[in-house]
Amino acid sequence: MSKVRVRFAPSPTGSLHIGGARTALFNWLFARHNQGTFVLRIDDTDTERSTELSYQEILSAMRWLGLDWDEGPQKDGAYGPYLQSQRLDLYRQAIDQLLADGKAYLCYCTAEELAERRKQAQAEGRPPMYDRRCRYLTRAEQERLQAEGRQPVVRLAIPDGVTTVHDLIRGDVTFDNSTIDDFILIKSNGMPTYNFATVIDDYTMAISHVIRAEEHLSNTPKQILVAQTLGYQLPAYAHVPMILAPDRSKLSKRHGATSVEEYRDAGYLPEAIINYLALLGWSPEGEEEIIPLEDIVADFSLARVAKTAAIYDTKKLTWINGHYLREADIDRITRLALPFLQAKGLLPDPLPEQDYSHLRAIIEAVRDRVKTLAEVADAASYFFTEITSYDEKGVRKHFTKPGVAELLEEARAALAALPDFNAQSTEEAYRKIAEQKGISTGQLFHPTRLAVSGRTMGPGLFEILELLGRETVLERLAKAIDWIKNNMATN
RNA sequence: GGCCCGUUGGUCAAGAGGUUAAGACACAAGCCUUUCACGCUUGUAACGGGGGUUCGAUUCCCCCACGGGUCACCA
């Protein structure tokens, strides 16, 4: 096989969403698996909607996910530039050739006229296709229309016949050319349309495989027609299944988080998103679903890409994220979790250097029971702020028993008297008290947990005590004792 | 509406004429445990419908239904 070159070509008209990221990932995986080249190209021919902000967001989301490109913006290669808006002369050359050969023609119909006719056609139940009225205009007619001040577009003259897409995932798909419009190649503002520019670019960038979402399958015959008219050799095509929202409709904003940034901000790890996305539409040969990136690269093939659209469901993503959160290097997780704590006002920004190891110990204790970085911040909150309330169910269960206040007072005194205050010493003291009083350890542990954390769940109790430190523990115990006396006494 | 693609448990998904139709998430139960998680064990749950072809169809063919995509001077 000749050199594999694939590209991901987003338009900078929004953030990188989950579907786009999956398409980018499949291209990236295919390139890496085949030691090919992954090109990032920006399809910014829509001057109305393209924005610099979106462009920056896409680049940063790609980088964050680890989808590094070999050629593209800020990474020059032999086939640049990589922004379509900078390749206008290439399209111009191609269009001149097409016009000279009579394969394309000038059309003077305005957007308004077209829209009107389309509406009309639909109302009458006719297919809303362009009627080709400008295809056979004489020179004189063109000049007259031009004199009216109309800015022409350029359309491709679709030949009769049939066009077949050889799709690597779906097999041969044939379209009758009569169902294809004489579509626009160059807009009246001089910019190329997607179906034109993409063909020129894929060819001039020597793209070997066009891997993209299924929504482009019906566009493909148009692109093949352009390529054939220009005498280009065709790339191989692979249309990967769509990703749908839980209600089976196309993913959109109203379905909640759909952009990569939103997941980043919600505390998801890039490797978890990558792992999850790889499993959406592709399946490994083995049974493991948590797969290191290197293994995904090694196993990836188009042959194992599904044909069926997949519904996007965050449950599994969250589960995968929890896994990576637990496995990842603790220093990295600490670093990543810190901003979430700071955003909640729990820690100062910047964090004083000497507080770091304490923070790391807390996150280490807490990460096992949560699934996202945002949850890490929730689960760790009481280490950094006063307890303002006690879990209601916990209160009913552990604070209502007669004698709890006294029991806690006794425990508090024992803790205060300890020569060393750490997880081991506090646990020993507690077990001794329970034994002496002939009560189960739980009867002592549970109210203590509630008193110092306000919650009924969390890390091991003595881990919490050590992390909190003697002073805080004694304070909170005293406060809880008071609280119980004040609130429970009347009952 | 025309054209195109698709249809295995709630979701992801394996399967390629003969299988007890994998596995994962979620859910339920149990074990572990100071709690909650993790982990482990077990369980519930699927081939859209109808015709063919065949000794035999989830698997091949046709029709229908349903879902999705596309028919832009958006990509």
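Since we're looking at a predicted model, the values are computed, not measured. Computed from heavy atoms alone, side chains included, the values below leave out hydrogens, waters and symmetry copies. Protein chains get the first letters and strands the later ones, always in sequence-line order, with residue 1 at the start of each.
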What integer distance in Å separates [X]:[atom1] from [N]:[atom2]?
X	N	atom1	atom2	result
A:Q120	B:G1	CD	C1'	16 Å
A:K393	B:U35	NZ	P	15 Å
A:Q223	B:U70	CD	C1'	13 Å
A:F445	B:U35	CZ	C1'	11 Å
A:L217	B:A75	CG	C1'	16 Å
A:R212	B:C5	CZ	P	16 Å
A:Y194	B:U70	OH	C1'	12 Å
A:Y276	B:U11	OH	P	12 Å

Out of [options], whichever nucleotide has its closest atom nearest the side chain of [X]:
X	options	value
A:E215	B:A75, B:A13, B:A37	B:A75
A:V173	B:C36, B:C4, B:A75	B:C4
A:L280	B:C36, B:C12, B:C5	B:C12

NA contact type, [X], heavy-atom cut-off 4.0 Å: base, sugar-phosphate, or nothing?
X	result
A:P459	base
A:T456	base
A:G442	nothing
A:H216	base
A:R304	sugar-phosphate
A:L461	base

Extract from the structure each pairing of a protein N or O with an N or O of nucleotides 71-73 of chain B at less than 3.5 Å, listing the distance.
{"from": "B:A72", "atom 1": "OP2", "to": "A:P128", "atom 2": "O", "distance (Å)": "3.3"}
{"from": "B:C73", "atom 1": "O2", "to": "A:S188", "atom 2": "N", "distance (Å)": "2.8"}
{"from": "B:C73", "atom 1": "O2", "to": "A:S188", "atom 2": "OG", "distance (Å)": "2.7"}
{"from": "B:C73", "atom 1": "N3", "to": "A:S188", "atom 2": "OG", "distance (Å)": "2.9"}
{"from": "B:C73", "atom 1": "N4", "to": "A:C109", "atom 2": "O", "distance (Å)": "3.1"}
{"from": "B:C73", "atom 1": "N4", "to": "A:A111", "atom 2": "N", "distance (Å)": "3.0"}

Hey, are A:E410 and A:K437 close enough for a salt bridge, meaning a charged N less than 4.0 Å from a carboxylate O?
yes

So, are A:K307 and A:E214 salt-bridged, with charged N and O less than 4.0 Å apart?
no

Can you tell me if CD on A:E285 sees more than 12 non-hydrogen neighbours from other groups inside 6.0 Å?
no

For atom NZ of A:K401, decide whether the heavy atoms of other residues, nucleotides or ligands shown that lie under 6.0 angstrom number more than 12.
yes

So which protein nitrogen or oxygen atoms get under 3.5 Å of nucleotides 60-67 of chain B's nitrogens or oxygens?
{"from": "B:G67", "atom 1": "O2'", "to": "A:R248", "atom 2": "NE", "distance (Å)": "2.9"}
{"from": "B:G67", "atom 1": "O2'", "to": "A:R248", "atom 2": "NH2", "distance (Å)": "3.4"}

[X] side chain to [Y] backbone, donor-acceptor under 3.5 Å:
X	Y	value
A:R155	A:Y105	no
A:T385	A:Y382	no
A:R118	A:P128	no
A:S425	A:N422	yes

If [N] has a Watson-Crick or G-U wobble mate with both distances under 3.5 Å, name it; if not, just say none.
N	value
B:C40	B:G30
B:A22	none
B:U35	none
B:A65	B:U7

Any side-chain donor paired with an acceptor under 3.5 Å for A:R170 and A:H239?
no

Without hydrogens or angle criteria, can the side chains of A:D202 and A:Y232 be said to hold a donor-acceptor pair below 3.5 Å?
no

Euclidean distance for [atom1], [N] against [M] (whole angstrom):
N	M	atom1	result
B:A45	B:A24	C1'	14 Å
B:U41	B:U59	C1'	33 Å
B:C3	B:A13	P	29 Å

Respond yes when some side-chain nitrogen or oxygen of A:T308 is under 4.0 Å from OP1 or OP2 of B:U7, and no when none is.
yes

B:C74 OP1/OP2 closer than 4.0 Å to side-chain N/O of A:T13
no

Heavy-atom nearest nucleotide on RNA chain B taken for A:S218 and for A:D176; more 5' hit belongs to A:D176

Students often mix this up, so state it plainly: with edges at 30° and 60°, are the rings of A:W483 and A:F399 parallel, tilted or perpendicular?
tilted

What does the list of N/O pairs under 3.5 Å between the protein and nucleotides 19-25 of chain B look like, with a distance for each?
{"from": "B:G23", "atom 1": "N2", "to": "A:E289", "atom 2": "OE2", "distance (Å)": "3.0"}
{"from": "B:A24", "atom 1": "O4'", "to": "A:E289", "atom 2": "OE2", "distance (Å)": "3.1"}
{"from": "B:A24", "atom 1": "N3", "to": "A:K316", "atom 2": "NZ", "distance (Å)": "3.3"}
{"from": "B:C25", "atom 1": "O2'", "to": "A:K316", "atom 2": "N", "distance (Å)": "3.3"}

Value for CD1 (A:I296) from CG (A:L279), rounded to nearest 0.5 Å, stands at 7.5 Å

Evaluate the ring pair (Phe, Tyr, Trp, His ring centres under 6.0 Å) criterion for residues A:H216 and A:Y194: first the C-alpha distance (whole Å), next the side-chain angles of each, then the deciding distance (0.1 Å), finally the verdict.
CA-CA 11 Å; A:H216 291 291; A:Y194 163 73; 5.3 Å; yes

Indicate yes or no: at least one non-hydrogen side-chain atom of A:K187 is less than 4.5 angstrom from one of A:V154.
no

B:U34 base to A:R449 side chain: any donor-acceptor pair below 3.5 Å?
yes

